Number of protein chains: 2
Amino acid sequence: MALAFQGVLADRRTWSLDTCSIGLSMEAVGTRSSMLILREAFYGTTRFDDFARRTKLTDAIVAARLKELTKLGLFTKELYQELGKRRRSEYLLTEKGRDLVPVVFALMQWGDKHLQGEGGGPLRLVERSTGEPVKVSLRTASGEALDLEDVAIVTNGPRPLSPSDS
Amino acid sequence: MALAFQGVLADRRTWSLDTCSIGLSMEAVGTRSSMLILREAFYGTTRFDDFARRTKLTDAIVAARLKELTKLGLFTKELYQELGKRRRSEYLLTEKGRDLVPVVFALMQWGDKHLQGEGGGPLRLVERSTGEPVKVSLRTASGEALDLEDVAIVTNGPRPLSPSDS
DNA sequence: CTTCTGACTATACCAGCCGAGAGCCAGGCA
DNA sequence: TGCCTGGCTCTCGGCTGGTATAGTCAGAAG
């Protein structure tokens with residue numbers, strides 16, 4: 001029914017987390033607009049007004065969000081100029097930005113299954129050459145699929161945990 | 001650099017999405033408090049004040065969030081009574097709630113890598129029996145790992161897309 | 001010279017997230 | 001009888017996310 005705790009974590013009353021990565025991630029990129037902008041970037045969008053038009057967000061918030069995500073290091077802002085054209089800016093994903101692929105497509109997968117009507121959402125992810133369906137899931141390095149019950153949580157190195165408040 | 005579009009999607013100027021699952025999912029569960037409460041539920045928490053104490057959220061918002069998530073069908077609220085004890089309520093995850101496992105742990109994985117200091121976050125996920133590390137990733141059903149470049153997006157059945165605004 | 005476009009900025013405004021702090025009610029226990 | 005606990009609710013207030021609307025500025029095109 002839930003995952004397992006190993007080692008000093010076994011008694012859950014004796015510890016708590018002060019800085020959980022889930023909370024930090026949500027504070028950094030946990031808005032609808034950030035996720036939609038990242039979706040567009042994964043689709044290949046790089047320019048300001050393409051982000052705005054294709055996400056249907058307003059200019060103001062796209063500007064604010066791109067500035068914020070760039071500051072956080074998810075995008076780099078580059079200026080480029082085609083021959084005989086004016087200078088433009090483009091926003092390119094960094095590794096830090098691309099590493100959110102599992103988050104964004106896991107959200108899409110959940111929405112497709114549980115929020116859209118019969119038959120799921122409008123789009124599907126497939127393997128490029130074979131057409132095989134693609135899913136976001138918990139896996140070992142070798143690719144074995146895991147249920148929550150197969151997973152355990154352990155402390156990462158000697159890093160101390162804060163004692164529980166209780 | 002980005003994923004591929006197949007079929008009618010190939011020309012991205014000709015289509016846009018009115019109801020993207022990513023946006024719908026973020027509207028439903030896209031808050032820090034929801035994700036922290038779900039984390040706790042995956043850890044096995046079922047009772048109101050355990051949620052409140054262990055997430056370090058206030059009572060008010062835990063109450064509001066549990067009510068909302070229950071209404072959405074991610075939890076069921078059950079009353080139970082141990083012998084000689086008073087009646088209590090417990091919040092049990094449904095399949096819809098458990099299906100958010102990839103989202104929550106993908107957020108954790110990203111935060112561990114990019115927001116925590118050297119050496120990552122305080123906790124790690126491992127395979128229960130072998131201790132092998134566990135990751136959230138894009139995979140085919142057979143377990144093959146995929147980069148963004150290996151993935152294509154296709155339309156899901158005959159469902160029509162709204163024409164682009166432009 | 002005017003117009004158009006890309007990439008923004010400015011202002012105003014509403015709704016929701018979240019915390020702090022207090023209070024409430026029922027059941028069991030001393 | 002009074003206290004304690006579990007599971008809440010209420011109010012207040014700040015900050016942020018989001019929309020709408022308008023304006024700015026530079027550089028090409030006509």
Side-chain angles (χ1 to χ4, degrees), chain A residues 13 18 20 22-38 40-41 45-72 75-92 165-166, chain B residues 13 18 20 22-38 40-41 45-72 75-92 165-166:
Chain A
R13 286 165 308 176
D18 37 355
C20 156
I22 298 163
L24 293 179
S25 294
M26 284 303 290
E27 277 171 25
V29 297
T31 61
R32 178 171 150 273
S33 53
S34 290
M35 294 297 176
L36 293 178
I37 285 171
L38 284 162
E40 271 311 303
T45 298
T46 60
R47 280 174 31 199
F48 180 86
D49 66 330
D50 284 336
F51 281 114
R53 193 177 56 256
R54 300 175 54 77
T55 58
K56 294 177 179 161
L57 296 165
T58 58
D59 288 2
I61 140 133
V62 171
R65 215 51 76 224
L66 281 175
K67 186 171 291 185
E68 184 184 311
L69 294 175
T70 302
K71 194 171 180 185
L72 279 171
F75 287 98
T76 55
K77 181 180 179 178
E78 312 283 346
L79 297 176
Y80 75 100
Q81 188 155 22
E82 294 170 16
L83 269 163
K85 295 235 175 175
R86 40 182 308 201
R87 220 167 48 158
R88 288 180 173 172
S89 26
E90 61 178 353
Y91 294 87
L92 302 176
D165 306 343
S166 56
Chain B
R13 287 166 308 176
D18 37 355
C20 155
I22 298 163
L24 293 180
S25 294
M26 285 303 289
E27 277 171 25
V29 297
T31 61
R32 179 172 149 273
S33 53
S34 289
M35 293 297 175
L36 293 179
I37 285 172
L38 284 163
E40 272 311 303
T45 298
T46 60
R47 280 175 30 199
F48 179 86
D49 66 330
D50 284 337
F51 281 114
R53 193 176 56 255
R54 300 175 54 79
T55 57
K56 292 176 179 163
L57 296 164
T58 58
D59 289 1
I61 143 133
V62 172
R65 216 51 76 224
L66 281 176
K67 186 171 292 188
E68 185 183 311
L69 294 175
T70 301
K71 194 169 178 185
L72 280 171
F75 287 99
T76 54
K77 181 178 179 179
E78 311 284 345
L79 297 177
Y80 73 101
Q81 188 157 19
E82 295 169 17
L83 268 165
K85 296 232 174 177
R86 39 185 306 203
R87 224 167 44 159
R88 288 178 172 173
S89 26
E90 62 179 354
Y91 293 88
L92 301 177
D165 306 343
S166 57

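All figures in this text were calculated on a predicted structure; none of them were measured in a lab. Each chain gets a letter, A, B and so on, in the order the sequences are listed, and its residues count up from 1.
A salt bridge is absent between B/K71 and B/E68; no separation between the charged side-chain nitrogens and carboxylate oxygens falls under 4.0 Å.
Counting 5' to 3', DNA chain C first comes under 4.0 angstrom of a heavy atom of chain A and last does so at the ends given by C/dT5 to C/dA10. From the 5' end on, the contacts that DNA chain D makes with chain B at under 4.0 Å to a non-hydrogen atom open and close at D/dT5 to D/dC10.
Among the protein residues, B/D49 comes within range of the sugar-phosphate backbone only, with heavy atoms under 4.0 Å from sugar or phosphate atoms but none that close to a base. Among the heavy atoms of the strands lying under 4.0 Å from B/Y91 are primed sugar atoms or P, OP1, OP2 only; no base atom is included. Across all strands, A/A52 comes closer than 4.0 Å to no nucleic acid atom at all (heavy-atom distances). Across all strands shown, A/I61 has heavy atoms under 4.0 Å from base atoms, whether or not it also approaches the sugar-phosphate. If you check every strand for non-hydrogen atoms under 4.0 Å, A/T31 touches sugar and phosphate atoms only. Using a 4.0 Å heavy-atom distance criterion, A/R32 is classed as a sugar-phosphate-only contact.
With sequence neighbours left out, the salt bridge (charged side-chain N to carboxylate O under 4.0 Å, His left out) criterion links A/E27 to B/R32. Remark: A/L66 engages A/I37, A/F48, A/F51, A/V62, A/F75, A/Y91 in a side-chain contact (heavy atoms from CB on, under 4.5 Å) (not counting sequence neighbours). Take B/R47 and apply the salt bridge (charged side-chain N to carboxylate O under 4.0 Å, His left out) test, not counting sequence neighbours, and it matches B/D49. The salt bridge (charged side-chain N to carboxylate O under 4.0 Å, His left out) search around A/E78 returns none, not counting sequence neighbours. Listed by chain and number, the residues in a side-chain contact (heavy atoms from CB on, under 4.5 Å) with B/S25 are A/L107, A/W110, A/L115 (sequence neighbours excluded). Listed by chain and number, the residues in a side-chain hydrogen bond (donor to acceptor under 3.5 Å, both in side chains) with B/S34 are B/T31 (sequence neighbours excluded). Qualifying side-chain hydrogen bond (donor to acceptor under 3.5 Å, both in side chains) partners for A/E40, counting only residues two or more places apart in sequence or in other chains: A/T45, A/R54, B/R12. Among residues two or more places apart in sequence or in another chain, the salt bridge (charged side-chain N to carboxylate O under 4.0 Å, His left out) test is passed with B/D59 by none.
Between the CG atom of B/L69 and the OG1 atom of B/T76 there is a distance of 12.0 Å, given to the nearest 0.5 Å.
Each of A/S34 and A/R87 was assigned the nucleotide of DNA chain D with the nearest heavy atom; the assignment lying further toward the 5' end belongs to A/S34. Nearest-nucleotide positions on DNA chain C place B/E68 closer to the 5' end than the other of B/E68 and B/A60.
The overall bend of the helix from C/dC1-D/dG30 to C/dA30-D/dT1, read as the angle between its terminal helix axes built from five base pairs each, is 0° when rounded to 10 degrees.
Scanning all heavy atoms of the two residues, the minimum distance from B/G30 to A/M26 falls at C-CE, 3.7 Å.
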